[in-house]
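Below is one structure, written out as structure tokens; comments come after it.
Heads up: numbering here begins at 1 and tracks the sequence. Keep in mind that the numbers below use all heavy atoms, side chains included, and drop hydrogens, waters and symmetry copies. Computed from a predicted model, the values in this text were never measured in an experiment.
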Amino acid sequence: KIFTRHQIQLPKIIFSYHEHNEGKAGNKILKFLQEGKNVVLCSDAGTPGLSDPGYRIISAALQAGHHVDIIPGASAVTAALLASGLPTSSFTFKRFPPRKEGQRKRFLALEKDVPHTLIFFESPHRVEVFLKEAGDIFGDRLAAVCIDLTKMYEEVHRGYLDELGQLFSGKKIKGEVTIVVSGSNPKFTRRSAPGTKPILTTD
């Protein structure tokens, strides 16, 4: 799509590199690099290597002594952080939480007392469950649910975890979801400041 849009001649060799073939495709990439060819890893959304298998081939190429240039693309991590209205001075990206309930709760509990902003990717089918469990573990903190950032039907919903949980109760979501949760700080937790309102309303 990129080559067609900009009327660039297509490369002679194009192939997929993803989680199901990264071993085989990775070896193919390394072989091309050893032959002195240039290889480009491109994503149709987001930045390759963030919650994608891209970091493995980057690491392998570097270990083999090859030069790697990075051309940043749109990233849901930083876009969601800025759109949330929450502190940006210190944050942690936690990727996708585990699918199983027990593992997911332990995963969240590890971050209960950290002071910095937390960023998660989540399946659109598990947003309601995530918001409830996050509220149970973290307390009713300010958060933001960001859907399809930088795309045509982008949505950003801001509020406390309890409010957002109610908003997404039984709601079907389409698209990629990034959730931002404030760090452990009384000024961002509703139960520690009775009567306070969200700093930002739901879009």
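Distance alone, capped at 3.5 Å, places no donor-acceptor pair between the Glu163 side chain and the Gly159 backbone. Looking at Thr117, its side chain does come within 3.5 Å of a backbone N or O of Pro87 through a donor-acceptor pair. Asp140 places a side-chain N or O within 3.5 Å of a backbone atom of Asp162 that can act as its donor or acceptor partner. In terms of modelled atom types and a separation under 3.5 Å, the side chain of Asp148 and the main chain of Gly175 share no donor-acceptor contact.
For the pair Glu22 and Arg56, the salt-bridge criterion is met [side-chain N within less than 4.0 Å of a carboxylate O]. Note on Lys31 versus Glu35: salt bridge recorded, some NZ/NE/NH1/NH2 to OD/OE distance being below 4.0 Å.
Enclosure of atom NZ in Lys171 by more than 12 non-hydrogen atoms of other residues, nucleotides or ligands within 6.0 angstrom is indicated.
Aromatic pair Phe120/Phe93: centroids not less than 6.0 angstrom apart.
Annotation: side chain to side chain contact (heavy atoms under 4.5 Å, CB included) contacts of Arg126 (sequence neighbours excluded): Arg99, Arg104, Glu122, Ser123. Applying the ring pair (Phe, Tyr, Trp, His ring centres under 6.0 Å) criterion to His20, with sequence neighbours excluded, gives His18. Residues satisfying the salt bridge (Lys or Arg N to Asp or Glu O under 4.0 Å) criterion with Glu101, sequence neighbours excluded, are Lys105. Scored by the side chain to side chain contact (heavy atoms under 4.5 Å, CB included) test, Lys28 finds Phe15, Phe32 as partners (sequence neighbours excluded).
Side-chain contact between Ile179 and Phe121 is absent, with no heavy-atom pair separated by less than 4.5 Å. Contact annotation: the side chain of Lys172 never approaches that of His125 to less than 4.5 Å [non-hydrogen atoms, C-beta and beyond].
Cluster note: Ile8 groups with Phe3, Leu10, Ile14 through ILVMFWY side-chain heavy atoms spaced under 4.5 Å, whether in direct contact or through intervening members.
Evaluation of the salt bridge (charged side-chain N to carboxylate O under 4.0 Å, His left out) test over residues 64-80, restricted to residues two or more places apart or in two chains, returns none.
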